[in-house]
Amino acid sequence: MRSQKCRYIPGKWALAAVVTVAFALAGCQGGNGVTLSGKVTLDGQDVPNGRISFVPLGAGPTASARIEAGKYEVLISEVPLPANYLVRVSSMQPTGIMIKHPDAEGGQLAEEKEVIPAKYNTNSELTIELTSSMEPTWDIELTTDK
């Protein structure tokens, strides 16, 4: 894990925005923040899209990020290490069925269903311990097995 000090650079709003984005892309982390990234697969296939959340098992904020083309990157800010997190992964996918839209009379929308088993989201059993010596990459291999 790398840790860098971030400092505010005064100036015009545009300059501040550019500097902020540049720091974020360079992996600048305030305090004990941790950037974690990796790949998410279900039965060996990339999860095409979804959401990953890290819920602290102690005090601290929940962090979440989008999963796109099987990849995620999340900033977990102000983490006192070591820290334990419950991890939830969700991916809603279209079923190919059109259903009645609940808010538009006569309207339809594409039905979606959760494709990630409950043991990884609503009833998650997946945890991670963040430590100062761990690699900033964590790949997650999910299975539909019971």
Side-chain angles (χ1 to χ4, degrees), residues 1-8 14 16-146:
M1 304 258 155
R2 58 185 173 187
S3 178
Q4 301 174 5
K5 298 267 184 189
C6 294
R7 62 186 177 108
Y8 175 73
V18 170
V19 170
T20 301
V21 171
F23 277 152
L25 292 174
C28 182
Q29 303 161 357
N32 293 324
V34 174
T35 299
L36 194 60
S37 63
K39 191 174 179 179
V40 182
T41 59
L42 178 63
D43 296 330
Q45 300 296 313
D46 288 349
V47 172
N49 57 55
R51 189 132 204 95
I52 185 167
S53 298
F54 293 82
V55 181
L57 294 176
T62 296
S64 64
R66 291 177 55 120
I67 299 169
E68 296 178 351
K71 295 183 169 105
Y72 75 93
E73 180 174 290
V74 64
L75 172 63
I76 304 173
S77 59
E78 300 304 319
V79 179
L81 298 177
N84 292 301
Y85 284 83
L86 177 69
V87 181
R88 291 189 171 131
V89 180
S90 178
S91 180
M92 300 297 288
Q93 299 298 317
T95 63
I97 299 171
M98 296 302 289
I99 60 174
K100 180 182 174 190
H101 193 292
D103 299 327
E105 190 174 324
Q108 292 188 325
L109 62 109
E111 179 185 63
E112 293 183 327
K113 73 172 189 166
E114 177 65 66
V115 296
I116 305 295
K119 67 181 178 180
Y120 301 118
N121 51 55
T122 55
N123 299 323
S124 185
E125 302 168 357
L126 188 59
T127 61
I128 184 173
E129 179 179 4
L130 300 180
T131 66
S132 58
S133 62
M134 72 181 288
E135 292 294 320
T137 301
W138 186 51
D139 293 340
I140 305 169
E141 298 175 358
L142 309 175
T143 63
T144 54
D145 296 340
K146 298 287 178 197

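In this structure a side-chain-to-backbone donor-acceptor pair under 3.5 Å is missing from N84 to T127. Here the side chain of K119 pairs a donor or acceptor atom with the backbone of D145 at under 3.5 angstrom.
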Please test R51 against R66 for side-chain contact (heavy atoms from CB on, under 4.5 Å), starting from the C-alpha separation and ending with a verdict. CA-CA 5 Å; R51 189 132 204 95; R66 291 177 55 120; 3.0 Å; yes
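Inter-residue side-chain proximity for I128 and L36 is flagged as met; some heavy-atom pair is nearer than 4.5 Å. Two residues are said to be in side-chain contact when any heavy atoms from C-beta on lie closer than 4.5 Å; T143 and Y120 meet this criterion.
Residues E73 and T35 share a closest heavy-atom pair of CG-CG2, 3.8 Å. The nearest pair of heavy atoms linking P56 to T62 is CD-OG1, 3.6 Å. Here the closest non-hydrogen pair linking E111 and T95 is OE1-OG1, 2.8 Å. For the pair E129 and P82, the tightest heavy-atom approach, listed with the atom from each and the gap, is OE2-CB, 3.3 Å. Taking both residues in full, the closest heavy atoms of L109 and P102 are given as CD2-CD, 3.6 Å, listed atom of the first, atom of the second, then distance. Contact record, S124 with R88: CB-CG, 3.9 Å, taken as the closest heavy-atom pair.
A side-chain donor-acceptor contact under 3.5 Å links Q93 and S91. When only modelled atom types and interatomic distance are considered, E114 and S90 share a side-chain donor-acceptor pair under 3.5 Å.
Rounding to the nearest 0.5 Å gives a distance of 10.0 Å between CD of E125 and CG of L86. The CD1 atom of I67 sits 7.0 Å away from atom CD1 of I116, with the distance rounded to the nearest 0.5 Å. Put simply, CG on L75 and OG on S37 are 11.5 Å apart, with the number rounded to the nearest 0.5 Å. To the nearest 0.5 Å, atoms CD (Q108) and NE2 (H101) are separated by 10.5 Å. Within the model, atoms CG of L142 and OG1 of T41 stand 6.5 Å from one another, a figure rounded to the nearest 0.5 Å.
When the options V89, N121, L126 are evaluated for a side chain to side chain contact (heavy atoms under 4.5 Å, CB included) with I52, the one that passes is V89.
Relative orientation of the W138 and F54 rings is tilted, given thresholds of 30° and 60° on the angle between their planes.
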